[in-house]
Amino acid sequence: CSSDLELAELQSVLKHLPDELAAVTKFGAWTGWRKSEILGLQWKNVDLARGLVHLSPGTTKNGQGRTYPVGAHPGLSQLLLARALYFGDKGEDEAALEACARARDFFRTVPDPAGVADVDDFTATVHFFLGHPAEAADLLDRCLTMMTTIGDERSIAYAKFRLAYARGVVGDHEGALELLAEAEVEY
């Protein structure tokens, strides 16, 4: 979106869309790409380490390839990661986790500690989805550590809620209850 009016219009549309359609709509608004181009993306088209998304020649309306810089719009890398989970690149579990790792590396170069925490939080969601709760708990523990140095009270409370859930899933019920009690006070 290039103007405040366009951003306001986009926001008014997005609030009426389900999450999966909102993600495609945001991606299209930010990149100018067509729905078929966005839905046709595969992990081989995403290079978060270099901060680029590619459309191969022959996949666009005019037949020419295209490249878009991920860093051109905040939130684009999260949408790309979300595609792994919500748009069902079935059978590509390792690719989804590798993309999360590349996104984390990308945010480390920006530097954007909040971006790293966001990617770790999202990666934890992917781990839960794939049935790896211990890995999710480890990531969420790091998120909480990071949030205590860079976040506000609400962000810290959210990190505690997420970690409490993870600890409960892995069987640390006492730790989960302690975190929940702290988070409730802070929230």
Side-chain angles (χ1 to χ4, degrees), residues 7 10-11 14-27 30 43 46 48-49 51 70-71 73-187:
L7 181 59
L10 176 62
Q11 293 300 332
L14 291 175
K15 68 182 178 184
H16 298 288
L17 296 176
D19 290 342
E20 49 289 335
L21 289 179
V24 173
T25 303
K26 285 180 196 176
F27 193 104
W30 294 337
W43 282 115
V46 179
L48 289 175
V70 173
H73 197 284
L76 181 57
S77 62
Q78 282 87 353
L79 282 178
L80 293 171
L81 293 172
R83 188 179 189 286
L85 186 58
Y86 297 111
F87 292 115
D89 285 339
K90 305 295 184 207
E92 294 191 36
D93 299 349
E94 290 304 313
L97 292 173
E98 287 170 18
C100 290
R102 288 193 307 266
R104 188 175 206 282
D105 291 343
F106 171 76
F107 277 109
R108 281 184 173 157
T109 64
V110 174
D112 181 3
V116 173
D118 287 345
V119 172
D120 279 352
D121 184 75
F122 183 83
T123 306
T125 302
V126 173
H127 276 298
F128 278 127
F129 180 75
L130 298 177
H132 308 146
E135 290 87 346
D138 288 344
L139 282 168
L140 292 170
D141 191 35
R142 288 196 304 245
C143 285
L144 176 57
T145 300
M146 198 175 310
M147 280 295 122
T148 57
T149 59
I150 64 167
D152 57 21
E153 285 184 9
R154 194 172 187 94
S155 297
I156 294 168
Y158 171 78
K160 286 181 179 181
F161 279 126
R162 291 274 290 163
L163 181 56
Y165 171 77
R167 286 194 177 161
V169 170
V170 297
D172 179 8
H173 302 290
E174 189 173 309
L177 290 173
E178 285 176 23
L179 281 168
L180 282 174
E182 290 175 23
E184 283 182 329
V185 169
E186 294 169 3
Y187 203 72

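- Minimum interatomic distance between Ala176 and Ala164 (heavy atoms only, all atoms of both residues): CB-O, 3.2 Å.
- Taken to the nearest 0.5 Å, the NZ atom of Lys160 stands 11.0 Å off from the CD atom of Glu178.
- For the atom pair Phe161 CZ and Leu179 CG, the distance stands at 10.0 Å (nearest 0.5 Å).
- Looking at every heavy atom in both residues, His173 comes nearest to Gly168 through CE1-O, 3.4 Å.
- Of all the heavy atoms in Ala183 and Ala157, the pair that sits closest is CB-O, 3.7 Å.
- With sequence neighbours left out, Asp172 forms a side-chain contact (heavy atoms from CB on, under 4.5 Å) with Arg167, Glu174.
- The CD atom of Glu182 sits 8.5 Å away from the CG atom of Leu144 when rounded to the nearest 0.5 Å.
- Listed by chain and number, the residues in a side-chain contact (heavy atoms from CB on, under 4.5 Å) with Thr145 amount to none (sequence neighbours excluded).
- Here the OG1-CE distance, from Thr149 to Met146, works out to 7.0 Å after rounding to the nearest 0.5 Å.
- Residues that satisfy the side-chain contact (heavy atoms from CB on, under 4.5 Å) test with Ala124, not counting sequence neighbours, are Ala136, Leu139, Leu140, Arg162.
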